[in-house]
Protein chains: 2
Amino acid sequence: MALDHALLVALREQPGSGLELAKRFSRSIGYFWPATHQQIYKVLGRMETEGWVSVSEVAQTGKPAKKVYDVTPAGADVLAAWLAEPTDTHTMRSELAVKLRGASFGDRAAVLDVVRANLADHHVRLDHYRQLMKRDYTDGPVDLAGLELDQYLVLRGGIRVEEFWIEWLTEYLEAHA
Amino acid sequence: MALDHALLVALREQPGSGLELAKRFSRSIGYFWPATHQQIYKVLGRMETEGWVSVSEVAQTGKPAKKVYDVTPAGADVLAAWLAEPTDTHTMRSELAVKLRGASFGDRAAVLDVVRANLADHHVRLDHYRQLMKRDYTDGPVDLAGLELDQYLVLRGGIRVEEFWIEWLTEYLEAHA
DNA sequence: AGATACATGTAAATGGTTACATGATTCC
DNA sequence: GGAATCATGTAACCATTTACATGTATCT
C-alpha cells in the first residue's frame, strides 16, 4: 500500500492524469518506485472512491479528453500521517545479486555476459541522471530549499545508486578476470 | 518467479530443510532476496512436484524430524538455464525515498526522525557485515575462487549497499540541518 | 504440566505484472 | 481509410505479506 502515497506525493507536486503520472514516474519518483499505467489507474480509482483525490475531466485540443486528478484535503492528511510513520528498513531485492552468488552453478562466462549487459545499462542510467543534474542544478544545491531541495537530493540518491552498481559490478568483473 | 532460483542456489551450496533455508536467507542470499519461511515452504513444495528438488525425512536427536531438500539434476539444469538468461535492470523500490521526496507535504521534523532511525539501522547492518568480513575473509579475496569468491563478492555488495544508504541519508540530513 | 525452541504448514489479503481491449484525435 | 499517438481501462495471473494453525521434543 505505498503506490498510493507515491502518487499523492506526485499529485501534490503537480496535479495530472493517469498517463501523465505514468510518464512522470518513469522519470523522478519512479526511479525509486516504478509503476505502470495499469497500476496507476487502478490506484487512482481506489483513491477517488476513498476521497483522497478529486477528478475533473479536461478537454484538450488535438488530443482526447483526460481526467485530471488532484489531492483533496483528506488526501493531504493521509499523506502527512504516512510521512510521519516509521518506515522499516527495506532489504534490497536483486535478481542479479542471486546470479552473482550462483554463478558457479552454471556457465560462468554466460553470467559474466549478463553482468556486463547490466553494467552497460547502469552506465546509461548514470549518464542520464548526470545530464538531469547538469540541466536543472548547474550551481549545485545552493539556494535550494523545501520541495526543490528534496527533489535535488533524491536525484543525488539516484546517482549514488547507479554509482553503487557500477562499482560493485566492476569489482565483480575484475575479480573474475 | 525468482525465489525458486534463489532457493536452488542456496540448496546447491548446501542441502537443507525449509527452516534452515529461512535462517540462512536471513543471512547471506537474503541480503538481496528476503523471504519468509511461509514463502519458502510453498516454493519448496512446488519445486518438488516439478522435480527440481528431492526430499528426504531426516530424524534428529533432541529435535523433531525435518525434511531435507536437495537439488535434482533436472533442478540443476533449470538453474543453469536461468543463470544464463539476461536479467533486466531492476529499479530499486524504496518507500523511504518517496518520503524524502515528499517531506515538504508533511511535518519535516517527523520525516527527519524517520530518516535518522533508518540511518541508525543501516549503521547496525554495516557493522554486522564488516564483522562477517573480518571473521571470514581476514586476508581479503586473495586465494578465493569459484563459489567462495562469489560469496565474498556478494558480501562486498552488501557492504556497498549499506555505505550507499549511510552516505545518502547523511547528505540528506546535512542538507536539511 | 507449562514454557520454550524447533519444525512445517494453510488461508486470506494485498500488491504487482502481463496480456488484452477500447476509443478519440490527428496526419497522410 | 489506415497508421500513429494519446488516453483509459479490465482480467487473469503471479508473488508477497500477514495472520493463524498444528505438532514434536526438551527442560524445569
Side-chain angles (χ1 to χ4, degrees), chain A residues 1-8 11 15-26 29-30 32-50 53 55-69 82 85 87-95 98, chain B residues 1-8 11 15-26 29-30 32-50 53 55-69 82 85 87-95 98:
Chain A
M1 214 93 66
L3 175 56
D4 304 55
H5 303 103
L7 287 174
L8 289 175
L11 287 174
S17 70
L19 206 61
E20 282 166 357
L21 285 168
K23 280 180 196 157
R24 258 198 269 157
F25 255 62
S26 68
I29 295 178
F32 289 101
W33 203 277
T36 60
H37 74 271
Q38 292 95 325
Q39 228 184 320
I40 289 171
Y41 283 123
K42 208 190 301 177
V43 173
L44 285 174
R46 186 177 64 217
M47 291 201 295
E48 204 225 322
T49 63
E50 293 186 75
V53 295
V55 203
S56 57
E57 186 108 7
V58 172
Q60 303 179 93
T61 52
K63 291 180 201 170
K66 63 182 177 180
K67 291 184 186 176
V68 171
Y69 289 85
W82 177 78
E85 270 173 29
T87 288
D88 52 56
T89 308
H90 186 76
T91 300
M92 192 176 174
R93 203 176 282 271
S94 168
E95 201 172 292
V98 177
Chain B
M1 244 250 246
L3 176 55
D4 305 55
H5 303 103
L7 287 174
L8 289 175
L11 288 174
S17 70
L19 207 61
E20 282 166 358
L21 286 167
K23 279 179 197 160
R24 260 198 268 158
F25 256 62
S26 68
I29 296 178
F32 289 102
W33 203 279
T36 60
H37 73 272
Q38 293 94 328
Q39 229 183 318
I40 289 171
Y41 284 123
K42 208 190 300 178
V43 173
L44 285 174
R46 186 175 63 217
M47 291 200 297
E48 204 226 320
T49 63
E50 292 186 74
V53 296
V55 203
S56 58
E57 186 109 3
V58 172
Q60 302 180 95
T61 52
K63 291 179 200 171
K66 62 183 179 180
K67 292 184 186 176
V68 171
Y69 290 85
W82 176 77
E85 271 173 28
T87 287
D88 54 55
T89 309
H90 186 77
T91 300
M92 191 176 174
R93 203 177 283 271
S94 168
E95 200 173 294
V98 177

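Because the structure is a prediction, the values reported are computed rather than measured. Below, chain A is the first sequence line, B the second, and so on; all start at residue 1.
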Nearest-angstrom distance from the residue atom [atom1] of [X] to [atom2] of [N]:
{"X": "A:K66", "N": "D:dC6", "atom1": "NZ", "atom2": "P", "result": "12 Å"}
{"X": "B:D4", "N": "D:dC14", "atom1": "CG", "atom2": "P", "result": "12 Å"}
{"X": "B:L44", "N": "C:dT8", "atom1": "CG", "atom2": "P", "result": "9 Å"}
{"X": "A:Y69", "N": "D:dA7", "atom1": "OH", "atom2": "C1'", "result": "11 Å"}
{"X": "B:H37", "N": "C:dA7", "atom1": "NE2", "atom2": "C1'", "result": "9 Å"}
{"X": "A:H5", "N": "C:dT14", "atom1": "NE2", "atom2": "P", "result": "14 Å"}
{"X": "A:E50", "N": "C:dT14", "atom1": "CD", "atom2": "C1'", "result": "13 Å"}
{"X": "B:L7", "N": "D:dA15", "atom1": "CG", "atom2": "C1'", "result": "13 Å"}

> Between C:dG9, D:dA7, C:dT17, which nucleotide has the shortest distance from any of its atoms to the side chain of A:L19?
Replying inline: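 The answer is D:dA7.
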
> Of the nucleotides D:dC6, D:dT17, C:dT18, which has the atom closest to the A:T36 side chain?
Replying inline: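 Selected nucleotide (nearest to the side chain): C:dT18.
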
>> Does C:dG15 have its OP1 or OP2 closer than 4.0 Å to a side-chain nitrogen or oxygen of B:R93?
In response: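 No, outside the criterion.
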
> Has A:Y41 got a side-chain N or O lying under 4.0 Å from the OP1 or OP2 atom of D:dG9?
Replying inline: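 The answer is no; no side-chain N or O of A:Y41 sits under 4.0 Å from OP1 or OP2.
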
> Can you name the closest pair of heavy atoms from A:P15 and A:R24 and give their distance?
Replying inline: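 Closest heavy-atom pair between A:P15 and A:R24: O-NH2, 3.6 Å.
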
>> Between B:W82 and A:V98, does the side chain to side chain contact (heavy atoms under 4.5 Å, CB included) criterion hold? Intermediate values first, please.
In response: CA-CA 11 Å; B:W82 176 77; A:V98 177; 3.8 Å; yes

If you measure from [atom1] on [X] to [atom2] on [Y], what distance do you get to the nearest 0.5 Å?
{"X": "A:L21", "Y": "A:L11", "atom1": "CG", "atom2": "CG", "result": "5.0 Å"}
{"X": "A:R46", "Y": "A:L3", "atom1": "CZ", "atom2": "CG", "result": "8.0 Å"}
{"X": "A:L8", "Y": "A:H5", "atom1": "CG", "atom2": "NE2", "result": "6.5 Å"}

> Which ones in residues 56-64 of chain A lie close to DNA chain D, meaning a heavy atom under 4.0 Å from one of its atoms?
Replying inline: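 Only A:Q60, A:K63, A:P64 qualify.
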
>> With heavy-atom distances below 4.5 Å as the criterion, would you say the side chains of A:L44 and A:K67 are in contact?
In response: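 No - every pair of side-chain heavy atoms lies 4.5 Å or more apart.
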
> Under 4.5 Å between any side-chain heavy atoms of A:P34 and B:R93, yes or no?
Replying inline: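 Counting from C-beta outward, A:P34 and B:R93 do come under 4.5 Å.
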
>> Judged by each residue's nearest nucleotide on DNA chain C, which is more toward the 5′ side, B:K23 or A:Q38?
In response: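 Counting from the 5' end, the first nearest nucleotide belongs to B:K23.
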
>> Need to verify one output field. Residue with the more 5' nearest nucleotide on DNA chain C, B:V68 or A:Q39?
In response: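 Looking at the nearest nucleotide for each, B:V68 comes out on the 5' side.
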
> More 5' along DNA chain D: A:K67 or A:K42, using each one's nearest nucleotide?
Replying inline: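 Going by which nucleotide is closer to the 5' end, it is A:K67.
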
